[in-house]
Protein chains: 2
Amino acid sequence: MEQTNENKKTILIVDDEKPIVDILVYNLEKEGYKTLEANDGLTAVDIALSQKPDLILLDIMLPKMDGLTVCKKVRATLNVPILMLTAKDEEIDKILGLELGADDYITKPFSVRELMARIKANLRKTDARVATNEDSEKGNANKIEVGELQLNLDKFETKVSGEIIDLTIREFEVLKFLASQPGQVVTREVLLEKVWGYEYYGDIRTVDVTVRRIRGKIEKDTANPKILVTKRGVGYYIKNN
Amino acid sequence: MEQTNENKKTILIVDDEKPIVDILVYNLEKEGYKTLEANDGLTAVDIALSQKPDLILLDIMLPKMDGLTVCKKVRATLNVPILMLTAKDEEIDKILGLELGADDYITKPFSVRELMARIKANLRKTDARVATNEDSEKGNANKIEVGELQLNLDKFETKVSGEIIDLTIREFEVLKFLASQPGQVVTREVLLEKVWGYEYYGDIRTVDVTVRRIRGKIEKDTANPKILVTKRGVGYYIKNN
DNA sequence: TATTTTTGTAACAAAATTGTAAAAAAAACT
DNA sequence: AGTTTTTTTTACAATTTTGTTACAAAAATA
């Protein structure tokens with residue numbers, strides 16, 4: 001709903017019943033998700049591994065390869081949340097085996113509303129994991145210091161010579177990426193991929209503008225930057241002496 | 001509240017179906033629990049009494065001694081939360097009727113997500129009990145203090161500059177979670193998972209509204225919060241200077 | 001020096017985020 | 001049961017951030 005085209009979450013729907021798939025596609029796209037479809041197990045694995053969706057809706061009863069195997073195969077290489085669709089009267093053991101490998105399950109018939117809620121919740125869980133794992137939890141010293149520049153990754157706080165600087169997230173992320181490898185010149189392409197995300201297809205000069213904004217906040221003289229420096233013809237880097 | 005490697009919670013899994021045990025072990029350890037296994041009722045009682053796990057996952061159908069008896073025996077000497085696994089709905093009456101002291105039950109098939117939620121919820125209950133009994137009995141005032149903010153965890157009482165503020169449970173829990181790690185910016189996703197719970201399916205903006213209500217009670221000027229502050233693009237945190 | 005390429009910059013437009021109130025729903029309490 | 005309190009959802013406005021563009025300035029090249 002609030003997602004731009006670039007970072008829509010992708011959901012892979014695996015079901016051989018066309019009308020069900022259609023309903024799911026309609027509702028998911030209305031909610032702002034991008035959808036992929038697979039009508040049998042083999043195709044499902046293919047698409048999952050090549051497209052790397054953010055979540056998989058997986059029916060148990062499938063042609064060519066059953067849901068259990070799909071689940072296993074996908075899980076072997078991808079850590080994507082899998083939400084199983086099960087009919088109520090399917091064999092208990094079969095379901096049980098499957099359920100335990102999946103993150104969540106929902107029995108048919110289900111309400112669209114409930115399904116959407118489950119999807120949201122499962123996607124959120126991934127987001128939360130990424131946020132905490134990457135940043136704190138692992139006991140990493142959550143600070144980066146380069147010369148007069150200090151970044152506190154827990155507080156998202158930036159200091160220059162002890163003075164707190166108010167950066168936006170985008171600015172902070174760029175600075176964080178550069179400061180994590182001081183001296184290393186980073187191209188705009190790499191910055192776009194690492195900070196903006198690999199599927200981002202905006203203008204590359206966006207990087208320049210963001211750098212300019214950061215400089216406006218951390219440099220005394222933006223025309224003669226001492227911290228975030230340009231390597232002409234290549235990109236930008238943080239001076240580390 | 002977060003678990004360090006040394007005091008991981010231990011969970012005893014009692015089930016005679018090897019594949020199920022394996023999957024449970026895998027998922028529980030992924031979530032940071034230590035696991036013990038028992039394949040029959042007799043062994044289960046032995047391990048429970050000697051190892052004193054923090055929680056027991058107990059299947060009803062077991063060789064040598066059935067789950068219900070195991071439950072009784074263990075409960076006779078240990079006050080550990082027991083989560084029963086049942087295959088059929090009819091067995092629920094059995095569990096409830098017999099007053100075995102099982103804390104919770106979950107019917108097969110269940111999802112990993114649901115099981116984890118139940119486990120967490122039951123462990124939380126114990127934590128709460130322990131907190132109130134052990135800490136307050138010893139006279140350790142169970143408090144969090146950050147600047148002008150004081151939380152008394154035993155009394156569920158909040159003070160700002162010495163003045164008692166009346167918060168609801170939800171409000172208190174949010175404030176408590178944030179205040180337990182002042183300065184640390186917490187995303188809405190993490191708050192939802194930690195305060196509302198693993199199984200929560202609601203809207204993420206609920207967090208905003210709760211924060212707003214807390215501010216209405218603890219801040220002089222909600223438009224310029226000095227205690228519970230927004231980190232735009234990330235989440236919320238408690239200012240700790 | 002003139003030309004081309006690259007980078008800096010400001011201004012505007014678009015998009016995303018947050019604050020807020022109020023209605024609806026759910027839970028707790030009589 | 002009905003009533004009150006708490007919580008969630010929803011919608012909208014205000015604000016902030018971000019992206020795009022056009023042009024200027026600087027550096028590199030011929």
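Protein chains get the first letters and strands the later ones, always in sequence-line order, with residue 1 at the start of each. None of the values given here were measured: they were computed from a predicted structure.
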query = Any donor-acceptor pair under 3.5 Å between the side chain of B/Arg205 and the base of C/dG19?
reply = yes
inquiry  = How long is the straight-line distance from OG1 of A/Thr206 back to CZ of A/Arg170, given to the nearest 0.5 Å?
reply    = 9.0 Å
request  = Provide, to the nearest angstrom, the distance between the CZ atom belonging to A/Arg215 and the C1' atom belonging to C/dA10.
outcome  = 16 Å
request  = Measure from CG on B/Leu191 to P on C/dT18 and round the result to the nearest Å.
outcome  = 12 Å
query = If you walk 5' to 3' along DNA chain D, what is the first nucleotide with an atom under 4.0 Å of a heavy atom in chain B, and what is the last?
reply = D/dT6 to D/dT17
Touch class at under 4.0 angstrom, heavy-atom based, for [X] against every strand present:
{"X": "B/Arg213", "result": "base"}
{"X": "B/Val207", "result": "nothing"}
{"X": "A/Phe172", "result": "nothing"}
{"X": "A/Val209", "result": "base"}
{"X": "B/Thr206", "result": "base"}

inquiry  = At under 4.0 Å between heavy atoms, how does the protein contact nucleotides 25-30 of chain C? Give one character per nucleotide, 5' to 3', with B, S or -.
reply    = ------
key: Proximity to the side chain of B/Arg232 - top-ranked nucleotide from C/dT18, C/dG19, C/dT20   = C/dT18
key: pair B/Lys226-B/Lys220: side-chain heavy atoms closer than 4.5 Å   = no
task = Go through residues 180-190 of chain A and report each residue with a non-hydrogen atom lying under 4.0 Å from DNA chain C, sorted by number.
result = A/Arg188
inquiry  = Both A/Thr168 and B/Asp166 contact DNA chain D. Which one's nearest nucleotide lies toward the 5' end?
reply    = B/Asp166
